[in-house]
2 protein chains.
Amino acid sequence: MPALPALDSFDLAILDILQRDNTTPQRAIAQAVHLSAPAVQRRIQRLQQTGVIRANVAVIDPEKVGLPLTIMVEVHLENERPDRTAPLRSRIAAEGAVQQCYSVTGEADYLLVVNVASMADYEALTRRLFEGDDNVRRFRTSVSLGCLKAGLQVPLGGGGPA
Amino acid sequence: MPALPALDSFDLAILDILQRDNTTPQRAIAQAVHLSAPAVQRRIQRLQQTGVIRANVAVIDPEKVGLPLTIMVEVHLENERPDRTAPLRSRIAAEGAVQQCYSVTGEADYLLVVNVASMADYEALTRRLFEGDDNVRRFRTSVSLGCLKAGLQVPLGGGGPA
DNA sequence: TCTGAAATTTTACATCA
DNA sequence: TGATGTAAAATTTCAGA
């Protein structure tokens, strides 16, 4: 991946459009940012090659694909050493229902955002993730009542039981 | 928005491709799911009209646009009544740095995920969001040390100080 | 930057369930 | 009636000058 040569205001303007709607024709983008269409095309290509644009994806409504529950899980560990956390991280990576997973400072060690079809599925998920792992001290569950802002991906039969 | 007529396995297969890469040519999708390109096109159009596909976006790497810090904020309120929370929700909506905001059950009332350039910017953000709001009892900050899974949007000069 | 070729998306129409 | 497939038209993307 090539080094990224400092983004200028044109790049930022293009990114701002693409992150809202990446189906916007380059011609329309060109007009909006006052550049020619080929210039826009060159910049987009470079933004992708340098990894500024990490991916182009469709955002799916979890509710409409049978996953009405969004749940936040705070995980508290005994030990943060990589070799002690590796098994858990591996299980997290394997669970499609886990949309996001951050390693964090503060009281908790991990914060997960998961999408599931039911509380029964959620309980099964927590058993698969945490049960029998001595390094997991405890976890705290917060069920989402709705989101004011969000945009992420959804597992479609690829992960745990949907 | 028309009612959604139960997704079949074709729809799920198409969604599974699009949520990974929505630049995949319809011809390639058609071949993968064993349908014709126009059939795929019609299904995609219907998925968008029914809101199953909420948006088509470019995923931007926050670090590469000058926002290296991802921070989780738990907000504890005095009162959850909509008329008491409306001002805060309005400020949250206006801050581009706030990537995600969920209303949650449990100890906290809101969970925010924000992207900022520096801790100074973060402190300025918390002042704008919380200072002077009697309904905000307290908030708890967790700085992300890295994410194992994630995909979301980034503010590009539209929100707070970048 | 502009122009032209290649590819893709989109539409129209006939067919089948 | 609704959905699919084939073929053609309109855009868009991409390479060359």
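Only a predicted model underlies this, so the values are computations on that prediction, with no experimental measurement involved. Chain letters run A, B, ... following the sequence lines, proteins first, then strands; residues in each count from 1. Excluded from the calculations below are hydrogen atoms, water molecules and symmetry mates; all remaining heavy atoms, backbone and side chain alike, are included.
Within the nucleic acid shown, B:Ser36 comes within 4.0 Å of at least one base atom, counting heavy atoms only.
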Subject >> Trace of the side chain to side chain donor-acceptor pair (under 3.5 Å) decision for B:Thr141 with B:Tyr122 >> reply: CA-CA 10 Å; B:Thr141 299; B:Tyr122 175 65; 2.7 Å; yes
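Between A:Arg43 and A:Asp8 there is a salt bridge, with a side-chain nitrogen of the basic residue lying less than 4.0 Å from a carboxylate oxygen of the acidic one. Here A:Arg137 does not pair with A:Asp109 in a salt bridge; the nearest charged N to carboxylate O distance is not below 4.0 Å.
If you take CZ of B:Phe10 and C1' of D:dG5, they are 13 Å apart, rounded to a whole angstrom. Rounded to an integer number of Å, the gap from B:Ile44 CD1 to D:dA3 P is 16 Å. Distance, B:His34 NE2 to D:dA3 C1': 19 Å, rounded to whole Å. As a whole-Å value, the separation of B:Asp11 CG from D:dG2 C1' is 14 Å. Here C:dT8 presents its P atom at 13 Å from CG of B:Asp21, a figure rounded to the nearest Å. Rounded to whole Å, the distance from CD1 on B:Ile29 to P on C:dA7 is 18 Å.
By the rule that hydrophobic residues join a cluster once side-chain heavy atoms approach within less than 4.5 Å of another member, B:Phe10 and B:Leu15 end up as members of one cluster.
Atom CG of residue A:Leu18 and atom CG of residue B:Asn56 lie 11.5 Å apart, to the nearest 0.5 angstrom.
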Original post:
What does nucleotides 10-17 of chain D look like as a protein-contact string, B for base, S for sugar-phosphate only, - for none, at under 4.0 angstrom between heavy atoms?
Top reply: --SSS---
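A:Arg42 CZ: 12 or fewer foreign heavy atoms inside a 6.0 Å radius.
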